[in-house]
Q: 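Sharing a structure with you now.
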Number of protein chains: 2
Amino acid sequence: MRSLYDGVMTQPFDTVPVARGQGVALWRQIADELKSDILSGALGTEEGRLPTEKDLAARFGVNRHTVRRAIAELTAEGILRADQGRGTFVSERLITYPISSRTRFSEIIAAQAREPFGKLLASSEEPATAAQADLLGVEAGTPLIRIETLSVADEVPLIRATSWFPKALCPGLVADYAQTGSTTKSLARAGVTDYRRKETRILADLARVEDAQLLNIAIGQPLLITEALNVDPSGKPTHFTRTRIAAERVQLIVESL
Amino acid sequence: MRSLYDGVMTQPFDTVPVARGQGVALWRQIADELKSDILSGALGTEEGRLPTEKDLAARFGVNRHTVRRAIAELTAEGILRADQGRGTFVSERLITYPISSRTRFSEIIAAQAREPFGKLLASSEEPATAAQADLLGVEAGTPLIRIETLSVADEVPLIRATSWFPKALCPGLVADYAQTGSTTKSLARAGVTDYRRKETRILADLARVEDAQLLNIAIGQPLLITEALNVDPSGKPTHFTRTRIAAERVQLIVESL
DNA sequence: AGAATTTGTCTATTTGTATAGATGAATTTG
DNA sequence: CAAATTCATCTATACAAATAGACAAATTCT
């Protein structure tokens, strides 16, 4: 569930169904379920101890080996630790840490379009497609600058971002960004002293291979996507930003939506 | 990508990597990728025609049969239609429909906690856990009322919602809700004439069996989750609502986050 | 200390996933 | 009309996923 009212409002089920032959392995479904329950604090048992493999197999209606494979996955991710003869436990680090670490990133998102945002991975120049041109208020074929960035906190990658700018607006953007590490400062050098978000769209998607590599998560894990068009005070578009956020590590907090 | 600046800012890749042995079948990964591209309008070819099976197989680096299985899945979902000898096409209905249908649901979310919200699936009474009690400002063990609702538009399910209320606040809630179909009216009958959201948390998760059944999507598909605590004018909690939203059909729009 | 519990390892079997190649059927192209 | 293209169907093979059962190793309970 990955709730941040963590553990609140989630009751454990006696039996949890899994679906066969849907292209998602049972062990993966079980690993995802356990991970959600662990991260949301709805563990069913006290003090970070999981039910026994036998009980979990019964709960999910699968063989014990299938549960073991799921546990192996979460152990590899550092979420669980199994002790022969004792039981399987949530990694100590997670019992206190993740809640706080997952709580306070609303500002990162709120500031996403305005402030320095992680390290520059790549940049390129591309002619605007019809749809891009329409959105940014330029002619189709107009050169655009695209930058790819990655935000990392405590060695843990959180957010991929891609932004597009009309090149005419800020021809030196890549060099400026490399120097300042800031969108705001780079745009200011180009004479754009202020801008704001028109609106933000929030969607969800699944991690693909590229997301998985950059964000260090498994493929098929959920991502939060934000998309925002930024405009200057006169309403003229300055740039468009799309983020792909590891949902297991970040949540968005909206005050009084 | 499921963008609603649809088709904007997405360029097709010549080759798309897929991951083996990760618990997600290749045909499922390919189906998800194609679905995202179709819904976001980034199809790579004109007029709703997909690349040939041979080309897709080359693009994803898999056997043609694997691509066919992915296409079979999307055909079953009504997204694609294959014509022998001609090619594979995006279902006509989708070429114009989905964008509009996916665009205008910001209000639904904004109004989610306030207005009638789909049909009542179930209700129950449960003693508050420690975490629930803390959040709702009652004693642990206090009876809570839980209601489960499902919102549907044009026969298509969009949002599952679960809400918890302190029973003492509104003892007749279930009957009132069944009669009025409205949280606001039901609470008004209990003397709670006004309330507001303190904040909304937005996360993402994967669809499980129960989500898949209720929302009519495949397991493992992305969900948007919103969680909100509602309080009366004095700041006292009235209820807590959690929604699970089919991300392939709904996106959230936040004005000036 | 002995019994019960729990995780770890091993072998064997069945089903699902993915590849490979060949051939047929419908459509489009020249 | 013939050739090329594209989706449909079939057989065969290899590997991953899931089940089944047995037994070992470490810990806890009595």
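Below, all heavy atoms of this structure are taken into account, side chains as well, without hydrogens, waters or symmetry copies. Order of the sequence lines sets the chain letters (A, B, ...), proteins ahead of strands, with each chain counted from 1.
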Q: Any carboxylate oxygen within less than 4.0 angstrom of a Lys/Arg side-chain nitrogen, looking at A:Glu73 and A:Arg28?
A: yes
Q: Just so I know, are the side chains of A:Asn63 and A:Leu26 near enough to count as touching, which here means a heavy-atom distance under 4.5 Å?
A: no
Q: Using modelled atom types and a 3.5 Å cut-off, is there a donor and acceptor pairing between side-chain atoms of B:Gln132 and backbone atoms of B:Thr129?
A: yes
Q: How sharply is the helix from C:dA1-D:dT30 to C:dG30-D:dC1 bent, taking the axes over five pairs at either end and rounding to 10 degrees?
A: 30°
Q: Quick one, which residues of residues 63-72 of chain A touch DNA chain C with a heavy atom under 4.0 Å?
A: A:Arg64, A:His65, A:Arg68
Q: With heavy-atom distances below 4.5 Å as the criterion, would you say the side chains of B:Ser123 and B:Ile147 are in contact?
A: yes
Q: Quick check: does any side chain N or O of A:Glu33 sit under 3.5 Å from a backbone N or O of A:Ala31, one acting as donor and the other as acceptor?
A: no
Q: Where each residue is assigned the nucleotide of DNA chain D containing its nearest heavy atom, which of A:Gln84 and A:Arg28 is assigned the position nearer the 5′ end?
A: A:Arg28
Q: With no hydrogens and no angle check, is any side-chain donor or acceptor of A:Asp32 less than 3.5 Å from a backbone partner on A:Gln29?
A: no
Q: For a 4.0 angstrom threshold against heavy atoms of chain B, report the outermost contacting nucleotides of DNA chain C in 5' to 3' order.
A: C:dT17 to C:dT28
Q: With sequence neighbours excluded, what pairs up with A:Pro143 under the side-chain contact (heavy atoms from CB on, under 4.5 Å) test?
A: A:Glu125, A:Lys167
Q: Is the shortest side-chain heavy-atom distance between A:Arg20 and A:Val62 below 4.5 Å?
A: yes
Q: Both B:Gly87 and A:Gly85 contact DNA chain D. Which one's nearest nucleotide lies toward the 5' end?
A: B:Gly87
Q: What is the 5' to 3' range of DNA chain D, first to last nucleotide, that sits under 4.0 Å from any heavy atom of chain B?
A: D:dT6 to D:dA17
Q: DNA chain C: A:Gly21 or A:Glu53, which has the more 5' nearest nucleotide?
A: A:Glu53
Q: Specify the closest pair of heavy atoms between A:Leu224 and A:Ile202, including all atoms of both residues, with the distance to one decimal.
A: CD2-CG2, 4.2 Å
Q: Can a donor-acceptor pair be found, under 3.5 Å and without considering hydrogens, that links the side chain of B:Arg249 to the backbone of B:Pro157?
A: yes
Q: How many angstroms lie between atom CG of B:Asp205 and atom CD of B:Gln221, to the nearest 0.5 angstrom?
A: 12.5 Å
Q: Only counting residues at least two apart or in another chain, list the ones meeting side chain to side chain donor-acceptor pair (under 3.5 Å) with B:Ser163.
A: B:Thr241
Q: Got a donor-acceptor contact below 3.5 angstrom from the A:Arg244 side chain to the A:Leu215 backbone?
A: no
